[in-house]
Structures are given as C-alpha cells and as structure tokens.
Amino acid sequence: MKTSWRSASLVATAAGVMVFATACGQDNPTTPSSAAQNVGATAPAGIGSITSPTASSGAGNGYGADGSQASSSPAAVQPAGKLTVASNPDLGNVLTDGSGLTLYRFDADTANPPKSNCDGDCATAWPPVPADDATAGAGIDKALLGEVTRTDGSKQLTVGGWPVYRYAKDVNAGDVNGQGVGGKWFALAPDGKKATLASLPGLSVRKDAKLGDIVVDKNGHTVYRFIKDKAWPKSVSNCTGACLEKWPAVAEVAASDTKGVEKKGLMGFTRSDNGQKQMTVDCWPIYTFSGDAKAGDTNGQGVGGTWYAVSPEGKLVGAPSK
C-alpha cells in the first residue's frame, strides 16, 4: 500500500471532495464520532442477546441437553474446516464452522490463559471444536485462532483465547439454539467476543434472502429511501410530520462508523423542518420503518410504491423500473 501522495494529487482530491460536498448541499461534512438515536424516534427497544426456547427451558443436567442426550455416547468429532461469518438478524455477525453451524463460548472458561472447563456431560451437550484443521475465512483475523489442550490431551480451537464449541441441539446451518443457555453460553462474534447487535457499526450491510445486500442501522434495522425525496443539487427530505413518525430519519453517522457502504455521498444534512441532522447514502436521505419490529424485518419494502430498501451504493432495492 502506498503511504505518500504527490502534493498535486492531494490538492486535486481535496478540491473534488469540496465540490462534491457542495453539490450534496452539506453545510457541515464533519460527522460526529458516534451515531445518535434516529431523529424523531424514541430509542429502539434493546435487542441484545436473545433467549432461545432451549435457554428458557432449563434442562435438568444444567448444560441445555436432556438426560438421554447427556448420557449417550459422544458423536464423532467433526472438523472445524474453514470458519465463516454469518449474519444473524438478532445477533449480528456470528462465527460458524465449515458446515455453517454456529460456534459458541462458555462463560466458565477463561481466555487468558485459555482454559476449558467443559468436560464429561457438558462436552457431550457442547462438543469442543478441534483445532487441527481450522482455517480463517473472509472477515476473520487468522491471528485470533489458537488452541488449548484439554484434560484428555486433545487440542481444542480457541478464538481470541476463548475455547470454541458447537451445540448438540443445533441441527441446521444458522441455528442458534444454544444462545443464552444457562446464562453462560453465547454465540461467538468473529473477534472472539459474544455476538451482539450492539457491536454493529452505525451503518453496515446485511444480505437479505429476498432483497440481497441492503443497508442496516446500528440496531440491525433495515434502512429505506423515500422516492419523493431529493439528492441533487442538495439533500431534501419530503417526509415530515406524521410521515416522520412512521419513518424515523436515521441520525447522522460518522463515515468511520460504517462498513460496506459506499463512501461517496455518505454524510449528513440539516433537515429544514426541525433543524436536526439526518444521514444520507449517495446524498439520499435514509430512514427506518416503525413497522419493523425487529432486526431483519423488511416490512417497509414497497410500502405505497414509494419506500424501498437501500443498496450499499444508495440505490433503491426492488423498485419497479420506470
């Protein structure tokens, strides 16, 4: 990566940024260091860690598995394979193994130094993931991968120092039945921390099964555009009053607090009706929808033929061609 530029290039680039900012009508391109709550909306309900039916059932052996499962012979050890990052609407980015099964960490373990405290019946309900063939896929820092020697002498995978497990009741790729079990088991984030939407950037990209790549806010809620708004020569929101209550404007977000969203036209503008700052993608004002009860919902898609999800480039997703 080049670390220096010619002076002429710097001057030209700076001039280009100034012209673009003026074209978008931004009165102050400097964005805050952290995102605020959506304009015109109360703070969203906390999402945090979900409690799965398994977690609430409270199995008798204390590990989230029934007695018959805990007393059965352990299943054949499955290799970790290439670790990947999956997007979960309730938990954000979750670490999965080569088969797409969710990976977990145990609060009773330690990361510094790495140590597993899950043996016997516990290890039957929560099979340790072997370390020997684990590799880091896209979005995973391979330097975080390690291993710890278990009491039986086998090598268990660690991520960020935390011993890694699967959950016996996760059958299909994407299952998160182990989340919150006993208040001690949690899905792993790619950095070894507990997976949570609280760690999402102010704006990021989620792959929706029907819509493809769409922009979401820091709570994982789908972001929308209103076709009656304007982006040029300056950003203008035509959603006011009752409209703004139904479609809360996304507050200004620092460009550094975004991931996967096109940086061009990624800035805030001052609303003319209330003087508050609203975020734009490609200079288009963006909103969330009050009818989306939880992260991952897309109930606002196509409403009135005027509201559509937003692509990472700021385009309307799924809007009919004119």
Side-chain angles (χ1 to χ4, degrees), residues 45-78 80-81 83-112 114-131 134 144 148 150-152 154 156-200 220 294-296:
I47 299 175
S49 298
I50 62 171
T51 300
S52 68
T54 302
S56 62
S57 63
N61 61 22
Y63 301 120
D66 56 33
S68 60
Q69 182 181 20
S71 61
S72 62
S73 299
V77 176
Q78 297 297 318
L83 307 186
T84 57
V85 179
S87 178
N88 181 280
D90 297 305
L91 298 173
N93 288 333
V94 173
L95 195 62
T96 63
D97 68 8
S99 299
L101 292 174
T102 301
L103 301 179
Y104 297 89
R105 50 176 277 184
F106 184 32
D107 276 0
D109 289 348
T110 59
N112 188 21
K115 186 179 188 302
S116 169
N117 289 304
C118 178
D119 292 298
D121 288 348
C122 175
T124 301
W126 301 89
V129 177
L144 294 176
V148 62
R150 296 179 53 77
T151 56
D152 63 1
S154 63
Q156 182 176 359
L157 174 67
T158 62
V159 176
W162 288 97
V164 179
Y165 307 82
R166 299 184 183 92
Y167 185 43
K169 289 189 176 180
D170 282 352
V171 178
N172 303 308
D175 285 351
V176 287
N177 298 311
Q179 175 67 12
V181 167
K184 294 184 177 181
W185 291 92
F186 299 93
L188 272 165
D191 59 1
K193 297 180 180 179
K194 298 175 184 178
T196 171
L197 280 172
S199 63
L200 285 181
K294 64 182 185 302

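Throughout, residue positions are numbered sequentially from 1 according to the sequence presented.
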J.: Under the salt bridge (charged side-chain N to carboxylate O under 4.0 Å, His left out) test, which residues partner Arg105, sequence neighbours left out?
T.: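 Salt bridge (charged side-chain N to carboxylate O under 4.0 Å, His left out) check on Arg105 returns nothing, list empty.
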J.: Could you tell me whether the side chain of Asn93 and the main chain of Val85 form a donor-acceptor pair under 3.5 Å?
T.: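 Checked: no pair found.
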J.: What salt bridge (charged side-chain N to carboxylate O under 4.0 Å, His left out) pairs are there with at least one residue in residues 170-183, not counting sequence neighbours?
T.: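 Residue pairs with at least one partner in residues 170-183: there are none.
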J.: What pair of heavy atoms forms the shortest contact from Val94 to Ala195, and how long is it?
T.: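 Here Val94 and Ala195 meet closest at CG2-CB, 4.0 Å.
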J.: Any side-chain to backbone donor/acceptor pair from Gln156 onto Pro130? Under 3.5 Å, distance only.
T.: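 Such a contact is absent between Gln156 side chain and Pro130 backbone.
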J.: Could you walk me through whether Asn177 and Tyr167 pass the side-chain contact (heavy atoms from CB on, under 4.5 Å) test, one step at a time?
T.: CA-CA 8 Å; Asn177 298 311; Tyr167 185 43; 4.0 Å; yes
J.: Got a donor-acceptor contact below 3.5 angstrom from the Arg166 side chain to the Thr96 backbone?
T.: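 Checking the backbone N and O of Thr96 against the side chain of Arg166, no donor-acceptor pair under 3.5 Å is found.
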J.: Where is the tightest heavy-atom contact between Ala123 and Pro128, given as atom of each residue plus distance?
T.: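 Shortest heavy-atom contact: O-CD, 3.8 Å.
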J.: Go through the steps for Lys194 and Asp107 under the test side-chain contact (heavy atoms from CB on, under 4.5 Å), then give the verdict.
T.: CA-CA 10 Å; Lys194 298 175 184 178; Asp107 276 0; 3.2 Å; yes
J.: Got a second to check how far Ser116's OG is from Asp152's CG, nearest 0.5 Å?
T.: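 Those atoms lie 9.5 Å apart.
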J.: For the OG1 atom of Thr102 and the CG atom of Leu95, what is their distance to the nearest 0.5 Å?
T.: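 Nearest 0.5 Å value for the OG1-CG distance: 9.0 Å.
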J.: State whether the side chain of Tyr104 and the backbone N or O of Gly178 hold a donor-acceptor pair below 3.5 Å, judged by distance alone.
T.: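 Side chain of Tyr104 to backbone of Gly178: a pair is present.
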J.: Is the closest side-chain heavy-atom distance between Tyr165 and Pro163 below 4.5 Å?
T.: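 A side-chain contact under 4.5 Å exists here.
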J.: Drop me the distance from Trp162's CH2 to Asp109's CG, to the nearest 0.5 angstrom.
T.: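 So the CH2 of Trp162 and the CG of Asp109 are separated by 7.0 Å.
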J.: Start with the C-alpha distance between Leu157 and Leu83, add both sets of side-chain angles, then the distance that settles side-chain contact (heavy atoms from CB on, under 4.5 Å), and finish with yes or no.
T.: CA-CA 11 Å; Leu157 174 67; Leu83 307 186; 4.0 Å; yes
J.: For a quick test of reading the model, state the closest non-hydrogen atom pair linking Thr158 to Pro114 and the distance between them.
T.: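 Nearest heavy atoms, Thr158 then Pro114: CG2-CB, 4.2 Å.
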J.: Ring-plane angle category for Trp185 and Phe106, please: parallel below 30°, perpendicular beyond 60°, tilted otherwise.
T.: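 It falls in the parallel class, under 30°.
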J.: Please report the shortest heavy-atom distance between Ala134 and Ala80, naming the atom on each side.
T.: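 For Ala134 and Ala80, the tightest heavy-atom pair comes out as CB-CB, 3.8 Å.
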J.: Among Leu103, Val159, Asp97, find the residue that satisfies the side chain to side chain contact (heavy atoms under 4.5 Å, CB included) test when tested with Val129.
T.: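 In the set Leu103, Val159, Asp97, the residue that makes a side chain to side chain contact (heavy atoms under 4.5 Å, CB included) with Val129 is Leu103.
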J.: Would you check if the side chain of Asn88 reaches a backbone N or O of Gly92 as a donor-acceptor pair within less than 3.5 Å?
T.: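 No: the side chain of Asn88 does not pair with the backbone of Gly92.
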J.: Determine whether Leu91 and Thr196 satisfy the following criterion, side-chain contact (heavy atoms from CB on, under 4.5 Å), listing intermediate values before the conclusion.
T.: CA-CA 5 Å; Leu91 298 173; Thr196 171; 6.0 Å; no
